[in-house]
Amino acid sequence: MLRLAVPLLIAAFAGSALAEPPPEPKVEKTVAEDDQVRIEELKVRGETKKVTVKNKNSKAPDYEIVVNDAGRESAGGTGTGLPKSGSGTRVWRVLNF
C-alpha cells in the first residue's frame, strides 16, 4: 500500500508544478518630451530594449538607438557589425514598409 502512495504523491506534486505557466515579463513604455524631441523607451524586465528619438521642429530624420545587450557582448564586438559603445549606436531607417 505504501509503495503505491509514494508515486501518486510525487506525481501530484510534479503535475501541479508543471501546470503553472511562467509569469509574463514586466514591460514598461516611457515617453519623455520637450519642445524639440520626443524620446520613447521600451524596457522589458528592467532592461532597455529600444529607444526611439523623434525630432519635432527640424527636418532631421527620426532615429533609433540600438542598445547593446551586455549578456551577448564578445571581446571583438557586438556581433551585429556595429561598433562597441557604452550607450548604444544610432540607426536611421532608410525605407519603411
Side-chain angles (χ1 to χ4, degrees):
M1 180 78 167
L2 185 59
R3 287 185 181 177
L4 183 61
V6 173
L8 288 175
L9 286 173
I10 292 173
F13 285 119
S16 65
L18 294 176
E20 297 176 18
E24 290 292 322
K26 182 179 178 184
V27 178
E28 297 178 65
K29 293 181 181 179
T30 308
V31 177
E33 190 170 359
D34 65 5
D35 295 340
Q36 304 295 318
V37 295
R38 176 183 173 99
I39 301 171
E40 299 173 357
E41 181 180 17
L42 175 67
K43 287 186 176 186
V44 178
R45 294 184 182 103
E47 183 178 334
T48 302
K49 295 292 183 180
K50 182 178 178 180
V51 178
T52 306
V53 180
K54 298 180 179 182
N55 295 305
K56 288 183 176 180
N57 297 331
S58 71
K59 293 186 178 185
D62 301 342
Y63 60 93
E64 183 176 325
I65 299 174
V66 177
V67 181
N68 295 336
D69 187 1
R72 295 183 185 219
E73 286 293 321
S74 64
T78 62
T80 60
L82 301 172
K84 290 176 77 171
S85 172
S87 60
T89 305
R90 289 179 298 239
V91 177
W92 285 267
R93 296 192 183 267
V94 178
L95 300 173
N96 287 327
F97 294 95

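For this chain, numbers begin at 1 and follow the sequence in order.
The closest side-chain heavy-atom distance from Val51 to Glu40 is not below 4.5 Å. By the 4.5 Å heavy-atom criterion applied to side chains, Asp62 and Val53 are not counted as neighbours. Contact check for Leu42 versus Val27: side-chain heavy atoms found under the 4.5 Å cut-off.
Judged as a ring-ring contact (aromatic ring centres under 6.0 Å, His included), the pairs with a partner in residues 24-68 (not counting sequence neighbours) are, in order, Tyr63-Trp92. Here ring-ring contact (aromatic ring centres under 6.0 Å, His included) pairs that include residues 34-60, with residues two or more places apart or in two chains, number zero. Judged as a ring-ring contact (aromatic ring centres under 6.0 Å, His included), not a single pair has a partner in residues 27-54 (not counting sequence neighbours). Applying the side-chain hydrogen bond (donor to acceptor under 3.5 Å, both in side chains) test to pairs two or more places apart or on separate chains, those with a residue in residues 25-34 are Glu33-Arg38, Glu33-Lys56. Annotation: ring-ring contact (aromatic ring centres under 6.0 Å, His included) contacts involving residues 33-57, sequence neighbours excluded, are absent.
Not counting sequence neighbours, the partners of Glu64 by the salt bridge (charged side-chain N to carboxylate O under 4.0 Å, His left out) test are Arg93. Residues satisfying the side-chain contact (heavy atoms from CB on, under 4.5 Å) criterion with Pro23, sequence neighbours excluded, are absent altogether. For the salt bridge (charged side-chain N to carboxylate O under 4.0 Å, His left out) test, no residue two or more places apart in sequence or in another chain qualifies with Lys50.
Val31 shares a hydrophobic cluster with no other residue; no ILVMFWY side chain has heavy atoms under 4.5 Å from its own.
Looking at Asn55, its side chain never comes within 3.5 Å of a backbone N or O of Gln36 through a donor-acceptor pair.
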